[in-house]
There are 2 protein chains.
Amino acid sequence: MSSIAIPRVSFKAQMLKVREDAIIEAVNRLLAEKGFDAMTVDEVAANVGIAKASLYKHFPSKEHLAAAAMVRVMRQAQDFCAALALDASPLEKLRAATRWTMGLKLAGQMPSLPSQNSTLRATLIANRDYMDGLIEVSDLLGGWIEAAQADGSISPKLPAIAVLYTLYARACDPVLEFLMMNGQYNNDEIVELVLSTCFDGLNTR
Amino acid sequence: MSSIAIPRVSFKAQMLKVREDAIIEAVNRLLAEKGFDAMTVDEVAANVGIAKASLYKHFPSKEHLAAAAMVRVMRQAQDFCAALALDASPLEKLRAATRWTMGLKLAGQMPSLPSQNSTLRATLIANRDYMDGLIEVSDLLGGWIEAAQADGSISPKLPAIAVLYTLYARACDPVLEFLMMNGQYNNDEIVELVLSTCFDGLNTR
DNA sequence: GTCTATAATCAGATAGAC
DNA sequence: GTCTATCTGATTATAGAC
């Protein structure tokens, strides 16, 4: 036996991870572009450059492909939230997280899944990584919401759960696409516009 | 020839209309329940109680079925807007229209179509009735928005088009379903809650 | 116009060789 | 694990009798 430290992950395992990352990235892009229903497994395979049968060696179903993409964005969300300045106010953190979410969507990197599809829902709920991430992010945002309501920046009259849902919904807000198609505003302007309508409302202040 | 006035529409034509109304109602319900992709033509036929081939005698494609449902809701929207009190303020009219839209969705009567589907888009755009209705409603709402910005109730800083899109987006707001699934609020409470976050914003006023 | 029966196609998933 | 080739089922759409 050599005294050189044995690598924790074998070369083979690294290759596997690289391949799977490529798959998930393609899935993520296609889900953002066309949505779950319009995305075909053939497309995914073609985009990755491997055979469809090979895809199924990595992921057992189309639903699991989508779930893997969701796990990825959830991890990105966790990382973003964790990196927020500790001294920022709760409201600023909420705004930053929402801004990040909308930026992801405008960049064509936010997967869009049909909320009604029951088998897809089941696959997501059965996915430990996804659910853990979702709960962690929800707890984090929930804490900020309560703090923001306590310090008076977010309206204390609103149920915290309604605020949370409202922020999550910015991830699939069609107003973003509409304004993008409209053409008069760039992505940053669109984000600030929707952020303003979300937090400040349509009424004059 | 009898002196009795000849009916404008024949019995046969009336039967046709009744049948087509039944079809459109079924389509509308299924589109609201499951969305365009998950709705199958077989289901529609089964719900109406006729053979699928008969369906295709009335509407040449699945896309045309969806378009017919959209024409129907657009007409309902026109009727609702036209029936609004003339002396109501522009803001009150906008709020009433938004409330109506969300009520329709919570009642399971708002068809949901994938905005990315290009052939569906093409069918909708080619549909004169739909486009005319859409333009009429948009002009009406657009006028109210400008009036509300002029009288200071809606923020004049926001582009009118962004306000219009924001109101339209309430027709497919996932927050409504989330809060409904959540179970602590009834439909009226949900509508008022989302109406409040939409017009007043999340921030404390 | 309505029906039964069927065509035509597409997409998710798998068999089996290497 | 990757490939080619194929299966299987679902779904849109139509043929043709009545």
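Protein chains get the first letters and strands the later ones, always in sequence-line order, with residue 1 at the start of each.
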Test Glu189(B) against Gln184(B) for side-chain contact (heavy atoms from CB on, under 4.5 Å), laying out the working first. CA-CA 9 Å; Glu189(B) 289 168 337; Gln184(B) 345 184 15; over 6 Å; no

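- With rounding to the nearest 0.5 angstrom, the NZ atom of Lys62(B) is 7.0 Å from the OG1 atom of Thr40(B).
- The distance from atom CG of Asp42(B) to atom P of dA5(C) is 15 Å, rounded to the nearest whole Å.
- Taking atom CG of Asp37(B) as the reference point, atom P of dA11(C) lies 12 Å away to the nearest angstrom.
- Taking the six-membered ring where the residue is Trp, Trp100(A) and Phe80(A) present parallel rings, their angle staying beneath 30° rather than reaching 60°.
- Contact check of residues 23-34 of chain A against DNA chain D (heavy atom, cut-off under 4.0 Å) returns no residues at all.
- Here dG1(C) is the nucleotide among dG12(C), dG1(C), dT12(D) with the atom lying nearest to any side-chain atom of Leu16(B).
- Arg75(B) and Asp79(B) are not joined by a salt bridge, as no carboxylate oxygen comes within less than 4.0 angstrom of a charged side-chain nitrogen.
- Remark: the Ser138(A) side chain and the Tyr168(A) side chain contain an N/O donor-acceptor pair separated by less than 3.5 Å.
- Near DNA chain C, meaning a heavy atom under 4.0 Å away, the residues from residues 55-67 of chain B are Lys57(B), His58(B).
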Might you work through the side-chain contact (heavy atoms from CB on, under 4.5 Å) test for Leu202(A) and Leu167(B), ending with a clear yes or no? CA-CA 10 Å; Leu202(A) 300 175; Leu167(B) 297 184; 3.6 Å; yes

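- No option in Leu113(A), Leu30(A), Leu65(A), Val27(A) other than Leu113(A) meets the side-chain contact (heavy atoms from CB on, under 4.5 Å) test with Phe36(A).
- Between the side chain of Glu25(B) and the backbone N or O of Ala22(B) there is no donor-acceptor pair closer than 3.5 Å.
- Here Met39(B) lies in heavy-atom contact (under 4.0 Å) with sugar-phosphate atoms only.
- A donor-acceptor pair under 3.5 Å is absent between the side-chain atoms of Asp37(A) and the main chain of Ala38(B), judged by distance alone.
- Taking the nucleotide of DNA chain C with the nearest heavy atom to each of Ala38(A) and Gly49(B), the more 5' of the two is matched to Gly49(B).
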Filtered N/O pairs between nucleotides 4-10 of chain D and protein, under 3.5 Å:
none

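- Distance CD/Glu136(A) to CE/Met74(A): 10.5 Å, rounded to 0.5 Å.
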Please assess Leu106(B) against Asp188(B) for the test side-chain contact (heavy atoms from CB on, under 4.5 Å), listing each intermediate value before the final yes or no. CA-CA 9 Å; Leu106(B) 283 173; Asp188(B) 287 344; over 6 Å; no

